[in-house]
Asker: 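One structure coming up, written as structure tokens, with questions to follow.
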Amino acid sequence: MINTKNLKKIYITEDVETTALNNVNLEIEAGEFCAIMGPSGCGKSTLLNIMGLLDNPSEGEYHFMGEEISDKSERDRAQLRKGNIGFVFQSFNLIDELTVFENVELPLLYLGVSTSERKEKVETALDRMNMMHRRNHFPQQLSGGQQQRVAIARATVADAKLILADEPTGNLDSDHGDEVMKLLAELNEKGTTIVMVTHSPHDADYARRVIHLFDGHVVTENMQEGFHV
């Protein structure tokens, strides 16, 4: 599903040049659950943004689902993201003015899904996250754990093949954090590919594979049993 070859990302501001990623070579197959770990500033989020087609590499190749992405326009990348990639962020990124139902519905509106099909898909996603009883609430009326469940419902409502999670438990207490990790593990068990950036060794234990970055390089990769839900 994901293949990078000599991937580099260089940021240039005024007279300062910063190499965020340096010759990253990775292959992630469909159905994997990978955790990306490393100290702050090592390139984890930069790599996740490139995987999610939110940013382009400075050099090297990035293949997503068999397509070379590096030279595609923003419009082409946006089209490829739709229906294929879902995002889960530390800060939830829900829209305060929209209800739970409307937040989850948003990706389907962008895809032009019919009203009846949208209703069915949103209700299925909310039911899977045990959030149907909150469908008419607004994000500020929910706990952090509930907001993250809504964010996962939004990420999966269009049957995304790949979920990219950036510190998904970073703003949650341990109980709600475990709840979110179990939900991600369940999605993976059902075939969704998950790539997660995390500082937490506990959260990384849910993954089948842990990739360690340091100074923009992949330094180690470990296979592990992970949690089976």
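Hydrogens, waters and symmetry mates are skipped; everything else that's a heavy atom, side chains included, is used. Because the structure is a prediction, the values reported are computed rather than measured.
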Asker: Could you walk me through whether Leu184 and Tyr206 pass the side chain to side chain contact (heavy atoms under 4.5 Å, CB included) check?
Answerer: CA-CA 9 Å; Leu184 290 175; Tyr206 283 84; over 6 Å; no

Asker: So, taking the atom named CD1 in Ile2 and the one named CD in Glu27, what distance separates them when rounded to the nearest 0.5 Å?
Answerer: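 Ile2 atom CD1 to Glu27 atom CD measures 10.5 Å (nearest 0.5 Å).
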
Asker: Hey, could you give me the CD1/CZ distance between Ile28 and Phe33, rounded to the nearest 0.5 Å?
Answerer: 11.5 Å

Asker: I'd like to check Glu61 versus Asn6 (side-chain heavy atoms, cut-off strictly below 4.5 Å). Are they in contact?
Answerer: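 Of all side-chain heavy-atom pairs linking Asn6 with Glu61, none is under 4.5 Å.
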
Asker: Just by modelled atom types, is the Thr169 backbone N or O under 3.5 Å from a matching donor or acceptor in the Gln90 side chain?
Answerer: no

Asker: Hey, does Thr4 have a side-chain heavy atom less than 4.5 Å from the side chain of Ile50?
Answerer: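 They are not in side-chain contact.
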
Asker: Can a donor-acceptor pair be found, under 3.5 Å and without considering hydrogens, that links the side chain of Asn103 to the backbone of Ile95?
Answerer: yes

Asker: Determine whether Leu26 and Val195 fall in the same hydrophobic cluster, where Ile, Leu, Val, Met, Phe, Trp and Tyr are linked whenever their side-chain heavy atoms lie under 4.5 Å apart.
Answerer: yes

Asker: How many angstroms lie between CD in Glu105 and NZ in Lys121, if you round to the nearest 0.5 Å?
Answerer: 13.0 Å

Asker: Whether the side chain of Lys5 engages the backbone of Val24 through a donor-acceptor N/O pair (distance < 3.5 Å, no angle test) should be reported.
Answerer: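 Answer holds: no.
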
Asker: Can you give me the closest heavy-atom contact between Leu126 and Ala153, atom names plus distance?
Answerer: CD2-CB, 4.3 Å

Asker: Looking at Gly31, is its backbone amide N or carbonyl O close enough to the side chain of Asn188 to form a donor-acceptor pair, meaning the two atoms are under 3.5 Å apart?
Answerer: yes

Asker: Going by distance alone, is a donor N or O of one side chain under 3.5 Å from an acceptor N or O of the other, for Thr99 and Asn136?
Answerer: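 No, because no side-chain N or O of Thr99 sits under 3.5 Å from a partner of the opposite role on Asn136.
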
Asker: To the closest 0.5 Å, what do you measure between CZ (Arg81) and CG (Leu162)?
Answerer: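 If I round to the nearest 0.5 Å, the distance is 12.5 Å.
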
Asker: What closest approach, in Å, do Gly60 and Ser70 show between heavy atoms, and which atom pair accounts for it?
Answerer: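 For Gly60 and Ser70, the tightest heavy-atom pair comes out as O-OG, 3.4 Å.
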
Asker: How many angstroms lie between SG in Cys42 and CG in Leu47, if you round to the nearest 0.5 Å?
Answerer: 9.0 Å

Asker: Would you check if the side chain of Gln148 reaches a backbone N or O of Gly145 as a donor-acceptor pair within less than 3.5 Å?
Answerer: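 Pair absent, no side-chain N/O of Gln148 close to backbone of Gly145.
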
Asker: Which atom pair, heavy atoms only, marks the closest approach of Ala20 to Thr46?
Answerer: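 In this case the closest contact between Ala20 and Thr46 is CB-OG1, 3.9 Å.
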
Asker: Please walk me through it: do Val150 and Leu142 pass side chain to side chain contact (heavy atoms under 4.5 Å, CB included)?
Answerer: CA-CA 10 Å; Val150 174; Leu142 307 177; 3.9 Å; yes

Asker: Over all heavy atoms of both residues, which pair between Ala155 and Ala160 is shortest? Give the atoms and the distance, please.
Answerer: O-CB, 3.6 Å

Asker: Hey, is the main chain of Ser143 close enough, under 3.5 Å, to the side chain of Gln146 for a donor-acceptor pair?
Answerer: yes

Asker: Report, as yes or no, whether the 6.0 Å neighbourhood of atom OH on Tyr11 holds more than 12 heavy atoms from other residues, nucleotides or ligands.
Answerer: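 Yes, because the 6.0 Å sphere around OH of Tyr11 holds more than 12 heavy atoms from other groups.
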
Asker: Say whether, by atom type as modelled, one donor and one acceptor occur between the side chain of Asn49 and the main chain of Asp55 under 3.5 angstrom.
Answerer: no

Asker: Does a side chain donor of either His199 or Glu167 reach within less than 3.5 Å of an acceptor in the other side chain?
Answerer: yes

Asker: Report yes or no: does Tyr62 contribute a side-chain atom to a donor-acceptor pair with the main-chain N or O of Met51 at less than 3.5 Å?
Answerer: yes

Asker: Specify the closest pair of heavy atoms between Cys34 and Ile211, including all atoms of both residues, with the distance to one decimal.
Answerer: CB-CD1, 4.4 Å

Asker: Using salt bridge (Lys or Arg N to Asp or Glu O under 4.0 Å) as the criterion, list what pairs up with Asp173, not counting sequence neighbours.
Answerer: none

Asker: Look at the side-chain heavy atoms of Ile, Leu, Val, Met, Phe, Trp and Tyr, link any pair under 4.5 Å apart, and say whether Ile36 and Leu7 land in one connected group.
Answerer: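 In one cluster: yes.
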
Asker: Is the closest basic N to carboxylate O distance between Glu179 and Arg149 below 4.0 Å?
Answerer: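 Yes.
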
Asker: Are the side chain of Thr198 and the backbone of Asp203 linked by a donor-acceptor contact shorter than 3.5 Å?
Answerer: no

Asker: Do Met37 and Ile163 sit in one hydrophobic cluster, given that two such residues count as connected whenever their side-chain heavy atoms are within less than 4.5 Å of each other, even indirectly?
Answerer: no

Asker: Side chains of Asn25 and Val218: does their closest heavy-atom pair fall under 4.5 Å?
Answerer: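 No; the side chains remain at least 4.5 Å from each other.
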
Asker: Other hydrophobic cluster members with Ile10, side-chain heavy atoms of Ile/Leu/Val/Met/Phe/Trp/Tyr under 4.5 Å, chained?
Answerer: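 Members other than Ile10 - counting any ILVMFWY side chain reachable under 4.5 Å - are Ile12.
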
Asker: Using the rule that Ile, Leu, Val, Met, Phe, Trp and Tyr join whenever any side-chain heavy atoms are under 4.5 Å apart, tell me whether Val88 and Leu53 fall into a single cluster.
Answerer: no

Asker: Please work out whether the ring planes of Phe89 and Phe87 are parallel, tilted or perpendicular, with thresholds of 30° and 60°.
Answerer: parallel

Asker: Mind checking side chain to side chain donor-acceptor pair (under 3.5 Å) for His137 and listing every partner two or more places apart, or none if nothing turns up?
Answerer: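 Result, side chain to side chain donor-acceptor pair (under 3.5 Å) vs His137: Arg134.
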
Asker: Would you mind checking if Arg208 and Glu29 are paired as a salt bridge, meaning a charged N to carboxylate O distance below 4.0 Å?
Answerer: no

Asker: Is a salt bridge present between Arg128 and Glu186, judged by a nitrogen-to-oxygen distance below 4.0 Å?
Answerer: no

Asker: Salt-bridged, Arg135 to Glu123, with N to O below 4.0 Å?
Answerer: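 Between Glu123 and Arg135 there is a salt bridge, with a charged N closer than 4.0 Å to a carboxylate O.
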
Asker: So if you build clusters from Ile, Leu, Val, Met, Phe, Trp, Tyr with side-chain heavy-atom gaps below 4.5 Å, do Phe92 and Leu106 land together?
Answerer: no

Asker: At what distance, to the nearest 0.5 angstrom, does CG of Asn130 lie from CE of Met132?
Answerer: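 Between atom CG of Asn130 and atom CE of Met132 there are 11.0 Å.
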
Asker: Quick one: does any side-chain atom of Thr19 pair with a main-chain N or O of Leu21 as donor and acceptor, under 3.5 Å?
Answerer: no

Asker: Between Met196 and Leu164, is the side chain to side chain contact (heavy atoms under 4.5 Å, CB included) condition met? List the steps.
Answerer: CA-CA 6 Å; Met196 171 184 69; Leu164 298 175; over 6 Å; no

Asker: Give a yes or no on whether a salt bridge exists between Glu221 and Arg209, defined as a side-chain N under 4.0 angstrom from a carboxylate O.
Answerer: yes

Asker: Before giving the answer on side chain to side chain contact (heavy atoms under 4.5 Å, CB included), spell out for Glu120 and Arg118 the whole-Å C-alpha distance, their side-chain angles and the decisive distance to 0.1 Å.
Answerer: CA-CA 5 Å; Glu120 181 181 342; Arg118 287 202 310 271; over 6 Å; no

Asker: Where do Lys72 and Arg77 come nearest, in terms of heavy atoms and distance?
Answerer: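 Residues Lys72 and Arg77, closest heavy atoms: O-NE, 3.6 Å.
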
Asker: Check whether the side chains of Asp166 and Ser45 place a donor and an acceptor atom closer than 3.5 Å, and report yes or no.
Answerer: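 A pair is found: one side chain offers a donor N or O, the other an acceptor, under 3.5 Å apart.
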
